[in-house]
Number of protein chains: 2
Amino acid sequence: MTDATQERLLQAAEEIFADKGFKAASVREICKAAGANVAAVNYYFGDKERLYIEAVKYAHRSCTQGEPLPVWLPGTPPLQKLMDFIRVFTTRMMKPSAAASLQLMMREMAQPTAACVEVVRDYIRPMAEQLQAILRELRPDVPPDALYLYGFSIVGQCLFYRQNRPIAALLVGEEGFQKFDVERVTRHITAFTLGALGLADQLPAVATAEVAP
Amino acid sequence: MTDATQERLLQAAEEIFADKGFKAASVREICKAAGANVAAVNYYFGDKERLYIEAVKYAHRSCTQGEPLPVWLPGTPPLQKLMDFIRVFTTRMMKPSAAASLQLMMREMAQPTAACVEVVRDYIRPMAEQLQAILRELRPDVPPDALYLYGFSIVGQCLFYRQNRPIAALLVGEEGFQKFDVERVTRHITAFTLGALGLADQLPAVATAEVAP
DNA sequence: ATTTGTATGAAACAATTGTTTTAATGTCAA
DNA sequence: TTGACATTAAAACAATTGTTTCATACAAAT
């Protein structure tokens, strides 16, 4: 039961920090949820802030395992890769396998603290580079910094459904928003992006390949 | 100096709530910044929460005045309207005339509280409906709920540059991110969106009209 | 000048915060 | 069993929190 306490503390901290943020979450609440004594956080982590940082790292580990980045066979058409990427990203945002973990990471991204650098290095950058590679394949003629703008447009679309879900649901109604599930959003963003890249004519090929692999 | 205290209290509350959030901001800090006594918040607003709500409303008023929605002459081509809309939205996000006000509103949108409904009604919905009208003009053939997806894609792109600025800057480097100013982002999002709508061929017309009106 | 009501100021209140101390408990090797 | 060490538990600490009390200052009206 020795390191189990530390583990339970991390899980509880992840959940409660994700829910309320650093300041609003109290160590007493976390310890109660973990079934541990208040002194435990000092014993294992030193203070509240270091517990927070460890909780973010913990969340970031859980997140990376959830929905892994696709690995493609050589020769996979870049269009297929793009749609796969968008699907993975959208799924991670809309149907995260570990909701609290993602929530805590998003919190950290919105207001970066000490734990942010590692999150970017281990979680964000790999996805960003993969997307850049796909876009380079699709449009070798576009200069690098313009490719960044394309990338921002794609992930911006995906992130919207998480970062602004409450507002969007308030606008179109909760029941109306339910219709926009992962699959529909994925297809929309893919089609929207392909059109923007001037590759709209190649869309049917991807859609077909999706239905009958 | 009577109602001036209330006004200064609101301004200070807006600033500090925007900076730290509801829980982390203390009434003593706000009162000190406003040059008022701690009892003033109770006297004028009752308690901290009602001060917060009033601060959000105050912020939302400041925001609406800053960069007004464009009003077009009859006969303005919808393409021009779209680019104008994107420019206004992007400007509001990247170069807000009242930084603290916008920050507080974004905070409220990320974690809606009691003040959120009014913000949506008075600030968000008017913009949403204007965008929907433009899109309907551009693509009358597309059904309404698909138009919502288009709208989400557009505002998702714009919001990215505010909600994820720290991360984006961390990815491409701060100096690299500086290159993406309002004008360049506006042109990119407009071109990206027109391509997605299958109207890429009409882009030059807008760009020209922009340079020589 | 007196009175009435509003506004401010300083102090105190009770509750909660993060953190520390100290004693008790458990565990495992000698 | 004894000892050493790791872990837990309860209590106390000092600081900060939102809120309230009450006396004072000020204003305008009678």
Side-chain angles (χ1 to χ4, degrees), chain A residues 1-59 100 103-104 107-108 111-116, chain B residues 1-59 100 103-104 107-108 111-116:
Chain A
M1 183 71 81
T2 146
D3 59 354
T5 303
Q6 190 172 7
E7 181 83 5
R8 291 200 314 275
L9 227 38
L10 278 175
Q11 292 175 0
E14 183 192 39
E15 193 109 13
I16 295 177
F17 279 138
D19 191 39
K20 310 188 154 186
F22 177 76
K23 184 67 187 253
S26 84
V27 299
R28 279 180 171 81
E29 185 182 6
I30 293 173
C31 289
K32 187 177 180 182
N37 190 274
V38 265
V41 41
N42 180 285
Y43 182 77
Y44 285 108
F45 301 97
D47 58 6
K48 185 186 183 183
E49 185 169 359
R50 264 174 291 179
L51 169 63
Y52 176 80
I53 294 179
E54 291 307 315
V56 173
K57 290 186 187 174
Y58 185 85
Q103 172 73 11
L104 185 54
R107 225 180 241 288
E108 184 63 23
Q111 295 192 338
T113 70
C116 183
Chain B
M1 184 71 79
T2 145
D3 59 355
T5 305
Q6 190 171 5
E7 180 83 5
R8 290 200 317 274
L9 227 36
L10 277 175
Q11 292 175 0
E14 183 191 40
E15 193 109 12
I16 296 177
F17 279 137
D19 191 38
K20 311 187 154 186
F22 176 76
K23 185 66 188 261
S26 84
V27 299
R28 278 181 171 82
E29 186 182 5
I30 292 174
C31 289
K32 187 177 178 182
N37 190 272
V38 266
V41 43
N42 179 285
Y43 183 78
Y44 285 107
F45 302 96
D47 59 5
K48 185 186 183 183
E49 185 170 358
R50 265 174 290 180
L51 170 63
Y52 177 80
I53 294 179
E54 291 307 315
V56 173
K57 291 186 187 173
Y58 186 86
Q103 171 74 11
L104 185 54
R107 225 179 242 288
E108 184 62 22
Q111 295 192 336
T113 71
C116 183

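Just so it is clear, the values below take in all heavy atoms, side chains as well, and ignore hydrogens, waters and symmetry mates. This is a predicted model, so every value here is computed, not measured.
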Starting from P on D/dT17, measure out to NZ on B/Lys23 and report it in whole angstrom. 11 Å

Expressed in angstrom and rounded to an integer, what is the separation of B/Lys20 atom NZ from D/dT16 atom P? 12 Å

Can you measure A/Ile16 atom CD1 to C/dG18 atom C1' for me and round it to whole angstrom units? 15 Å

B/Tyr44-B/Glu7 side chain donor-acceptor pair, cut-off 3.5 Å: no

Which is true for A/Ala24 with a 4.0 Å heavy-atom rule: it touches a base, it touches only sugar-phosphate, or it touches nothing? nothing

Relative to each other, are the rings of A/Phe17 and A/Phe22 parallel, tilted or perpendicular (30° and 60° limits)? parallel

Output the rounded distance in Å from CZ (A/Phe45) to C1' (D/dT8). 15 Å

Is there a side-chain contact between A/Ser26 and the phosphate of C/dT16, meaning an N or O under 4.0 Å from OP1 or OP2? no

Whole angstrom value for the distance that separates P of D/dT19 from CG of B/Leu9: 13 Å

Under the side-chain contact (heavy atoms from CB on, under 4.5 Å) rule, what do B/Tyr58 and B/Leu104 come out as? Steps first, then yes or no, please. CA-CA 10 Å; B/Tyr58 186 86; B/Leu104 185 54; over 6 Å; no

For A/Glu54, I'd like to know if atom CD has over 12 heavy atoms of other residues, nucleotides or ligands within 6.0 Å. yes

Rounded to the nearest 0.5 angstrom, the CG-CZ distance for B/Asn37 and B/Arg28 is 9.5 Å

Whole-Å distance, B/Arg8 CZ to C/dT8 P, equals 8 Å

Could you state the OH-C1' distance from B/Tyr52 to D/dT17, rounded to the nearest angstrom? 18 Å

Hey, is the side chain of B/Tyr44 poking within less than 4.0 Å of OP1 or OP2 on C/dT8, counting only N and O atoms? yes

Atom-to-atom span, CD of B/Glu49 to C1' of D/dT19 - whole angstrom: 14 Å

Let me see the working for A/Tyr43 and A/Gln6 under side-chain contact (heavy atoms from CB on, under 4.5 Å), right down to the final yes or no. CA-CA 9 Å; A/Tyr43 182 77; A/Gln6 190 172 7; over 6 Å; no

Evaluation steps, side-chain contact (heavy atoms from CB on, under 4.5 Å), between B/Val56 and B/Thr113: CA-CA 10 Å; B/Val56 173; B/Thr113 71; 5.8 Å; no

Pairs under 3.5 Å (N/O, protein and nucleotides 20-26 of chain D):
residue : atom : partner : partner atom : Å
D/dT20  : OP2  : B/Asn42 : ND2          : 2.5

Of A/Arg28 and A/Tyr43, whose nearest nucleotide on DNA chain D comes first from the 5' end? A/Tyr43

